[in-house]
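As structure tokens, the structure follows; a few thoughts come after it.
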Amino acid sequence: MNILFCSSEVVPFAKTGGLADVAGALPIALEHEGHQVRVALPKYKMVKEESDSAVIGEAIKVHLIRNDELYMRDGIYGDEKGDYPDNLERFMFYCRQTLELMKSEGFRPDIIHCNDWQTGLIPVYLKTVYKDDPFFKDTRTLFTIHNLAYTGSFEESEFDKTGLDRALFSIDGLEYYGKFSLLKGGLVFSDAITAVSPTYAKEIQTKEYGCGMEGILKARSADLYGVLNGIDYELWDPAKDALIYEKYSPSSIEGKCTNKERLLADMGMKTAAGAPLIGTVGRLAYQKGYDILAEVMDELCGMDIGFILLGTGEERYHKIFEEIASRGNSKISINLCFDAALAQKIYAASDMFLMPSRYEPCGLGQLISFKYGAVPVARKTGGLADTVFEYDAKTGDGNGFLFEKAEPQELLGAIKRAVEAHKDGPGWQRLITKIAGYDFSWDKSAQEYTRIYEKLKAKK
Ligand code: ADP
């Protein structure tokens with residue numbers, strides 16, 4: 001099939017989070033399935049290619065949609081002042097231009113696979129502006145939700161810029177609590193919808209997780225699927241990782257010790273002999289629950305552990321962790337920046353990996369941490385609930401430590417259970433050897449997407 005994959009972030013060109021990882025890897029796995037795949041991405045300043053296209057995988061053409069006025073800026077979505085005020089124009093242009101480009105290239109997609117709000121206008125334009133265009137007669141759209149909380153909402157006064165019929169500013173169209181949402185456009189007008197894990201696909205149909213979209217998602221539940229993300233083991237594999245201190249694999253898992261010792265030394269940390277190192281890497285945003293973690297930092301500091309955090313994001317969380325860092329405890333290391341190399345070192349060095357997320361559509365952190373033999377301590381939600389299961393020291397079943405409520409004492413309880421389990425050296429070795437051998441590669445997800453594409457293609 002001809003597949004056009006549309007995403008506002010694609011590794012290795014532009015990344016702020018997990019969406020970029022998905023968009024850099026899934027097209028390649030789809031190519032392995034035998035599809036003809038193309039990718040479209042805005043040509044931001046950070047995209048270093050000279051020409052307006054690049055190649056990934058064997059022969060996947062990545063179209064770099066060019067508009068210097070809209071994209072030649074330092075950020076992807078905004079700067080320190082917040083979102084760029086012309087994001088509607090920026091992503092509207094991207095959607096329109098991508099469709100036009102397919103026509104001029106003569107690439108007739110069977111499926112346009114859209115991702116998150118930035119691509120939401122593609123299904124809308126196909127069902128309105130291009131409704132009678134023979135070029136797209138057999139094109140079907142799949143819209144994947146990576147994070148429902150980013151709705152891409154704009155003021156009513158901007159609606160006419162979209163060129164859409166005013167009648168679409170309605171409850172059955174793009175209207176969303178007095179504004180209009182590009183994400184909602186994608187949900188209403190696409191031929192099918194997926195969320196990035198089976199549990200998240202169910203959660204988003206409830207008021208608690210639905211961000212006000214639960215009504216439309218419930219109405220479309222027959223076309224809504226959950227497909228778990230994979231990870232790219234070319235990038236995330238301690239046996240190949242050139243950025244960590246010593247390479248290792250399940251059969252040489254003791255290589256983690258060197259990584260831990262060297263990282264502790266480099267970060268100037270001092271911990272008791274044999275104490276577990278707890279690591280975490282993530283965006284400092286409400287979603288990720290780092291404020292819940294901040295509340296148990298005092299208790300953590302009282303335990304025989306080491307703790308290392310790498311994260312960047314909202315100012316208020318920076319302040320909280322700056323204050324914690326200023327206490328000068330040598331058991332902890334707080335790093336408030338984006339640093340891909342340090343992230344890899346943390347995965348390799350950590351015994352446990354924390355993800356106290358309030359919600360987590362899929363989560364790549366726990367999949368990476370499995371591969372690096374760091375045991376996840378996570379909240380039971382979304383993709384975490386689909387991949388992390390409570391460890392049972394007696395039977396050896398399970399692969400992590402879970403807590404249910406987004407509350408400090410629950411998180412602390414799970415950390416304590418992990419620290420207790422860590423004391424059983426041989427049991428812990430078996431556990432980390434097991435998780436490091438898991439296979440969450442993209443092949444399985446690509447096969448599931450292919451089944452959905454085929455269903456869509458058969459649909460008239
Ligand atoms: P999300 O997409 O919601 O941010 P995921 O767990 O799906 O969360 O993916 C996060 C990805 O971004 C992982 O690859 C993680 O290692 C990386 N990451 C997040 N914050 C940082 C940071 N400060 N420095 C380096 N890598 C980071």
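None of these values were measured; they are calculated from a predicted model. As the structure lists them, so they are numbered: ligands from 1, and atoms in each ligand from 1.
Closer than 4.0 angstrom to ligand 1 sit non-hydrogen atoms from Lys15, Gly17, Gly18, Asp21, Trp236, Val281, Gly282, Arg283, Gln287, Lys288, Leu310, Gly311, Thr312, Cys337, Phe338, Asp339, Ala340, Ala343, Tyr347, Gly363, Leu364, Gly365, Ile368.
For the 3.5 Å distance criterion, the side chains of Asp241 and Tyr347 fail to qualify, holding no donor opposite an acceptor. Between the side chains of Tyr84 and Glu89, no donor-acceptor pair is found at a separation under 3.5 Å.
Every residue two or more places apart in sequence or in another chain was checked for a ring pair (Phe, Tyr, Trp, His ring centres under 6.0 Å) with Phe403, and none qualifies. Listed by chain and residue number, Trp428 satisfy the ring pair (Phe, Tyr, Trp, His ring centres under 6.0 Å) test with His422 (two or more places apart in sequence, or in another chain).
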With a 3.5 Å cut-off and sequence neighbours excluded, list the donor-acceptor pairs that the side chains of residues 301-310 form with protein atoms.
none

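Under the 6.0 Å cut-off for aromatic ring centres, Phe370 and Tyr438 qualify, their centroids lying closer than that.
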